[in-house]
Q: 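The structure's right below; bear with me while I get my questions together.
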Amino acid sequence: MSKTNLVLTIPEPGKFELVEKPYPKIKAGYAIIQMEIAPVCLEGSRIWAEHDFEFHDDPEHLGHEGVGTVVEVHDGSSYKVGDRVVVFQGDHCGQCHACRHGLSPTYCDYNDPEIHGVEQSALKGIECRNESESGGFAMAKYRIAPEANLYRIPDGVDFRYAAAANCSFGVGFSNQELMNVKAGETVLVGGVGFIAMGHIISALYRNATVIALMRNPYRAGLLRDMGVQHFVNPDDADWLEQVKALTYEGQGVDHAVDGSGVTYYQEKLMAATRKYGTVNFSGHTPGAKIDFSPLHHVIDPAHQLVGQHDVRTIDREGLMRALLNKDVQRMIDVMVTHEFPMSRAGEAFDIQVSKQCGKIYLYPQA
């Protein structure tokens, strides 16, 4: 009997189905991965509740994060069957600016719908380039991955910790490499979900002081368990004075991170950042826009605005070294609050919508 692939779909809001599809096919330069963990990202909020998709996904194509085991490669591959790997999202052309400079694969030209069209870009493009009827996406038993976007998991790192290498700790780590966060500096984080939690783990790993601007009691409890000591309610009339009182000479925070993508937090984070400080946008909300003056909000305070979607290639080794750290692993254990077999994906998505959670993992083989 020939192998098949089992793929998670969301045919309508609040409803999921597991659909049997043909086993993936690959060409040289790609590998087939048996997925062990597919963490939940936007699938559990925008897609499950609102059926709102980005260009690269649709009701039958879900998931971009994941870790697993190599089960098939072509002759000459640098990977072998049995290798445990992180799959970094997107495809890899090897010739564009992002690929040549070791930047995030999200920005590879192969992942740009304006260059290649929606059906030939990103994860759908992976299926097209391999002439495969399945496997481009993470929420499936088997996934196709470009070998350039795989990274072997060190022996001291369980799948559970390696699965944080994408849209949680990985995003936080790589963005903070870009921000140059150093020990002793202050990092203000607002809009706390799993992306912001990844930033918090990264900042604590770097021995920076974290201040959480937040209102969710459940998630505040998670942050306390991670080791965060400073919390400010953004609804307080004196919230800004509270934040500045926690910084060197009251000058404001060195770095601010938004994980929400909404102006409520973004405006506050910019206001709380010291002169020549860094403001990072790591979250996005469809349709949300911020109205600011380049003079008053960027030039006058000399702020540096930065942000990127995932992990730069040049940061992967540093990220793996960090994942070997026992305190980082402890904090990931705190962040990962719920785990489900893929056959119970609906429960996972409902919890994600409730916001009474940290990061949620799905297990495609269960």
Side-chain angles (χ1 to χ4, degrees), residues 37 39 41 64-68 78-79 83-90 92 94 97-108 145-187 189 194-210 226-228 254-257 259 278-283 304 306-336 359:
I37 302 175
C41 191
H64 49 271
E65 304 181 61
V67 294
S78 59
Y79 290 90
D83 281 345
R84 300 184 315 129
V85 292
V86 174
V87 182
F88 290 100
Q89 63 194 50
H92 178 89
H97 179 82
C99 290
R100 286 172 173 164
H101 291 84
L103 305 179
S104 161
T106 294
Y107 302 98
C108 169
E147 293 183 1
N149 286 343
L150 297 178
Y151 198 99
R152 286 187 184 88
I153 300 171
D155 290 342
V157 179
D158 291 342
F159 278 130
R160 176 183 177 81
Y161 304 123
N166 278 296
C167 298
S168 55
F169 180 56
V171 168
F173 183 91
S174 191
N175 270 280
Q176 289 185 21
E177 288 289 293
L178 191 64
M179 297 159 67
N180 193 28
V181 175
K182 298 187 291 293
E185 294 185 322
T186 49
V187 180
V189 181
F194 52 83
I195 293 291
M197 289 181 196
H199 268 280
I200 288 165
I201 295 172
S202 178
L204 293 174
Y205 168 70
R206 296 164 194 268
N207 294 315
T209 296
V210 172
M226 289 180 189
V228 176
D254 302 296
H255 308 278
V257 175
T278 304
V279 179
N280 177 277
F281 300 121
S282 285
Q304 182 177 10
V306 299
Q308 62 173 5
H309 281 295
D310 55 87
V311 179
R312 299 183 302 178
T313 304
I314 57 175
D315 297 329
R316 291 175 185 174
E317 181 176 327
L319 173 60
M320 288 301 153
R321 287 173 179 262
L323 286 168
L324 284 162
N325 181 278
K326 295 302 181 185
D327 200 44
V328 168
Q329 293 180 4
R330 178 192 64 81
M331 289 187 281
I332 291 172
D333 282 334
V334 173
M335 177 182 68
V336 179
K359 189 70 172 175

Q: Within the distance-only criterion (no hydrogens, no angle test), does the side chain of Asn149 pair as donor or acceptor with the backbone N or O of Gly90 below 3.5 angstrom?
A: yes
Q: For a side-chain contact (heavy atoms from CB on, under 4.5 Å) check, start with the C-alpha distance between Ser168 and Met335, then their side-chain angles and the critical distance, and finish with the verdict.
A: CA-CA 9 Å; Ser168 55; Met335 177 182 68; 3.5 Å; yes
Q: With a 4.5 Å cut-off on side-chain heavy atoms, are Val67 and Val87 touching?
A: no
Q: Identify whether the distance between the nearest side-chain nitrogen and carboxylate oxygen of Asp333 and Arg160 falls below 4.0 Å.
A: yes
Q: Give, for atom CZ of Phe88 and atom CD of Glu65, the distance between the pair rounded to the nearest 0.5 Å.
A: 11.0 Å
Q: Say you draw a straight line from CG of Asp83 to CD1 of Ile153; how long is it, rounded to the nearest 0.5 Å?
A: 10.0 Å
Q: Check step by step if side-chain contact (heavy atoms from CB on, under 4.5 Å) holds for Tyr79 and Val85.
A: CA-CA 10 Å; Tyr79 290 90; Val85 292; 4.0 Å; yes
Q: Treating Asp315 as the side-chain partner and Val311 as the backbone partner, does any N or O pair qualify as donor plus acceptor under 3.5 Å?
A: no
Q: Quick one: OG1 on Thr278 to CG on Asp254, what's the gap to the nearest 0.5 Å?
A: 8.5 Å
Q: Check whether any side-chain heavy atom of Val86 sits under 4.5 Å from a side-chain heavy atom of Leu150, and report yes or no.
A: no
Q: Please identify which of these residues, Ile201, Val257, Ile200, meets the side-chain contact (heavy atoms from CB on, under 4.5 Å) condition with Val210.
A: Ile200
Q: Are Leu178 and Arg312 close enough, and set up right, to give a side-chain contact (heavy atoms from CB on, under 4.5 Å), and what steps lead you there?
A: CA-CA 9 Å; Leu178 191 64; Arg312 299 183 302 178; 3.6 Å; yes
Q: With rounding to the nearest 0.5 angstrom, report the CZ to CG distance, Arg321 to Leu319.
A: 12.0 Å
Q: Using side-chain heavy atoms (C-beta onward) and a distance below 4.5 Å, is Pro154 in contact with Leu324?
A: yes
Q: Mind checking what makes ring-ring contact (aromatic ring centres under 6.0 Å, His included) contact with Phe159, not counting sequence neighbours?
A: none
Q: Heavy-atom distance under 4.5 Å between the side chains of Phe173 and His199, does that happen here?
A: no
Q: Specify the closest pair of heavy atoms between Ala163 and Pro39, including all atoms of both residues, with the distance to one decimal.
A: O-CG, 3.6 Å
Q: Within the structure provided, determine whether Lys326 and Arg330 are in side-chain contact (heavy-atom separation under 4.5 Å).
A: no
Q: Under 3.5 Å, side chain of Tyr107 to main-chain N/O of His309, donor-acceptor pair present?
A: yes
Q: For the NE2 atom of His255 and the CD atom of Gln304, what is their distance to the nearest 0.5 Å?
A: 9.5 Å
Q: Distance alone, cut at 3.5 Å: any donor-acceptor contact between the side chains of Gln176 and Ser202?
A: yes
Q: side-chain contact (heavy atoms from CB on, under 4.5 Å) between Arg206 and Lys182: does it pass, once the steps are laid out?
A: CA-CA 6 Å; Arg206 296 164 194 268; Lys182 298 187 291 293; over 6 Å; no
Q: What closest approach, in Å, do Ser282 and Val171 show between heavy atoms, and which atom pair accounts for it?
A: OG-CG1, 4.3 Å
Q: Would you give the length of the straight line joining atom CE of Met331 to atom CZ of Phe169, rounded to the nearest 0.5 angstrom?
A: 7.0 Å
Q: Please answer whether the main-chain N or O of Gly170 pairs with a side-chain N or O of Ser174 as donor and acceptor at a distance below 3.5 Å.
A: no
Q: Heavy-atom distance under 4.5 Å between the side chains of Cys41 and Phe194, does that happen here?
A: yes
Q: Examine distances only and state if a side-chain atom of Asn325 and a backbone atom of Val328 form a donor-acceptor pair shorter than 3.5 Å.
A: yes
Q: So do Thr209 and Glu185 actually touch side chain to side chain, heavy atoms under 4.5 Å?
A: no
